[in-house]
Protein chains: 2
Amino acid sequence: MKIATFNANGIRARLPIILEWLDKESPDVLCLQETKVQDVDFPREPIENLGYHCAFRGQKAYNGVAILSKRPPEKVSLGFGDGDVSEEPRLLVATINNIPIVNTYVPQGYAPESDKFRYKLEWLQRLGSYFVRYFQPDIPLLWVGDLNVAPEPIDVYDPKGLLGHVGFHPDEHEALSALKAWGFVDVFRRHESGSKMYTFWDYRIPNAVPRNLGWRLDHILATPPLAQKSTRAWIDMSPRLANKPSDHTFVVAEFEVD
Amino acid sequence: MKIATFNANGIRARLPIILEWLDKESPDVLCLQETKVQDVDFPREPIENLGYHCAFRGQKAYNGVAILSKRPPEKVSLGFGDGDVSEEPRLLVATINNIPIVNTYVPQGYAPESDKFRYKLEWLQRLGSYFVRYFQPDIPLLWVGDLNVAPEPIDVYDPKGLLGHVGFHPDEHEALSALKAWGFVDVFRRHESGSKMYTFWDYRIPNAVPRNLGWRLDHILATPPLAQKSTRAWIDMSPRLANKPSDHTFVVAEFEVD
DNA sequence: GCCCACTCCG
DNA sequence: CGGAGTGGGC
């Protein structure tokens, strides 16, 4: 099974890149974040024409998640299921090949000391409770998406200068560690232990890509029984180099299942 | 000499179409209307890279005219020259091969009985005075551009239903006739006397192009000594069928001069 | 329908 | 820098 994740930063603006990537890479599953589109306007037709099923939930302008899959998902669920009706569309789960795939767009957090930062940490905590309530670490489970956290010094272009900034802050590292401690393996790092590779380069930094001023914010994690079956994981830079790119690019992993 | 006119409806949005057309057709002169760009942002570089000189005057969001030419223009002038500082960028004249080329974006007129309609008729009158003041009908002169008037019943898709609408109104016909009476020949009609061909199809009419619900609003006119030297004139539909088209397309004419 | 300006956001 | 929304114009 080949699975990928991509923060599209607007699925409508990114449709050429996504369609070309699906056509070329033919993943079994592609998880998308920041689709930035209401459900009525989700561009399902061109995606279905490539043979993919679409599960999605979005809103105007912000957030929005989708899971595209060759097989129809066995089950789809949205959000934490804790009755919060004001919840933003950031969490979508689809069970495919009997594996629950938890696709998350973790809040960005704006700035430490801000309400948005506290919301981010709380959101990660709620996600932890969600895993505890609904899943077990000894059963195959995938957690993928834009986690908006670079876990280690190797995952940002300037670990000393950026320490304490949003996305590379001790509180975020602690929250992420707690989630991993429950039972997640970073599948990318399992295969690329020492490589300084990024998945995000800020549009606002001039020439961030050629200067490689990036962050590894997008992740594929799996519970141990599934992580053990991963055979490969990589970051595909080419969509970040294309015309009209997202500020993120694709992370991909392959598993020996089915 | 090969000369063309095109209402770009935003030169920045239309740059691929314009560059491709210049490359393929290699006109001596291309007159543009509705460039919708301030002079500082005019995309001169890619045009100059194709070997064209650029004369232009524009503003934010509306109006804007340009004359692209292989030879540097011998003289360029803007506006009626009657001291109206609030004048919109709708009139640009470049003298090339000793022929003054008057490029106009005539006001659209909104609706009969409106202030904008009266402004349109006044503008055409001012243009008449301008021709009288600065030119003579027995000397070569070109008047091209988006005149926002379909002169004859043959020039609109529904002459009965549209009679009295903006662009096909008796007052406009009268104003245009007066201008022609001074000394202009419709160069397109000189070569295509009976053909029902259009240069504009409204974006807002569904499938206007395949249903051919168009108007002939864009024109190339010449004083008699020059019109006699015209060898060909045609409308090039292909840019209207391209990706991301303008709502207008190119009108082209060739003259035996030089 | 599509272009452009402006604003908000990251 | 570049999404997306809104509003005006044709």
Side-chain angles (χ1 to χ4, degrees), chain A residues 6-18 32-38 41-43 58-64 88 105-111 114 116-117 119-120 146 148 165-167 200-209 211 213 215 217 240 242-248, chain B residues 7-15 17 32-38 41-43 58-64 88 90 105-111 114-117 119-120 146 148-149 165-167 200-209 213 215 217-218 240 242-248:
Chain A
F6 178 48
N7 178 318
N9 189 21
I11 192 175
R12 286 169 294 180
R14 227 57 66 204
L15 208 50
I17 282 176
I18 290 170
L32 298 170
Q33 305 87 37
E34 284 208 87
T35 53
K36 295 186 177 182
V37 68
Q38 298 170 100
D41 297 321
F42 190 94
Q59 64 175 90
K60 276 188 185 179
Y62 309 111
N63 311 315
E88 295 168 333
Y105 173 50
V106 175
Q108 193 266 347
Y110 183 55
S114 69
K116 287 178 179 173
F117 192 74
Y119 176 67
K120 178 180 195 172
D146 178 359
N148 263 317
H165 285 61
V166 198
F200 165 83
W201 297 259
D202 197 317
Y203 287 135
R204 289 165 294 183
I205 299 179
N207 298 109
V209 178
R211 295 159 70 200
L213 304 181
W215 304 59
L217 302 180
R240 188 62 179 83
N243 270 118
K244 294 250 158 206
S246 170
D247 42 1
H248 294 250
Chain B
N7 178 318
N9 188 20
I11 192 175
R12 287 169 295 180
R14 227 57 66 204
L15 207 50
I17 282 176
L32 299 171
Q33 306 86 36
E34 282 208 87
T35 53
K36 294 187 177 182
V37 68
Q38 297 171 101
D41 297 320
F42 190 93
Q59 64 175 91
K60 277 188 187 181
Y62 310 112
N63 311 315
E88 295 167 332
R90 295 180 174 276
Y105 173 50
V106 175
Q108 192 267 348
Y110 183 55
S114 69
D115 285 350
K116 287 179 179 173
F117 192 75
Y119 176 66
K120 179 181 193 171
D146 178 0
N148 263 315
V149 181
H165 285 60
V166 197
F200 165 82
W201 297 259
D202 198 317
Y203 287 133
R204 291 166 293 184
I205 299 179
N207 299 109
V209 178
L213 304 181
W215 303 60
L217 302 179
D218 302 273
R240 188 62 180 82
N243 269 119
K244 295 250 157 204
S246 170
D247 42 2
H248 294 249

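Note that these values count all heavy atoms, side chains included, but never hydrogens, waters or copies made by symmetry. Fair warning: this is a prediction, and the values are worked out from it, not measured in the lab. Order of the sequence lines fixes the chain letters, A, B, ..., with proteins taken first and strands second; residue numbering starts at 1 for each chain.
Scanning for ring-ring contact (aromatic ring centres under 6.0 Å, His included) contacts around A:F42 gives A:F56, with sequence neighbours left out. The side-chain contact (heavy atoms from CB on, under 4.5 Å) search around A:N207 returns A:P210, A:R211, not counting sequence neighbours. In this structure A:N243 satisfies the side-chain contact (heavy atoms from CB on, under 4.5 Å) test with no other residue, sequence neighbours excluded. Residues passing the side-chain hydrogen bond (donor to acceptor under 3.5 Å, both in side chains) test with B:D146 are B:N7, sequence neighbours excluded. Residues satisfying the side-chain contact (heavy atoms from CB on, under 4.5 Å) criterion with A:K116, sequence neighbours excluded, are A:Y110, A:S114. For the side-chain hydrogen bond (donor to acceptor under 3.5 Å, both in side chains) test, no residue two or more places apart in sequence or in another chain qualifies with B:W215. Take A:E88 and apply the side-chain contact (heavy atoms from CB on, under 4.5 Å) test, not counting sequence neighbours, and it matches A:Q59, A:N63, A:R90, A:Y119.
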* Structure fact -> Per-nucleotide protein contact along nucleotides 3-10 of chain D, 5' to 3', at a 4.0 Å heavy-atom cut-off (B base, S sugar-phosphate only, - neither), is SSSS--SB

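Counting 5' to 3', DNA chain C first comes under 4.0 angstrom of a heavy atom of chain A and last does so at the ends given by C:dC9 to C:dG10.
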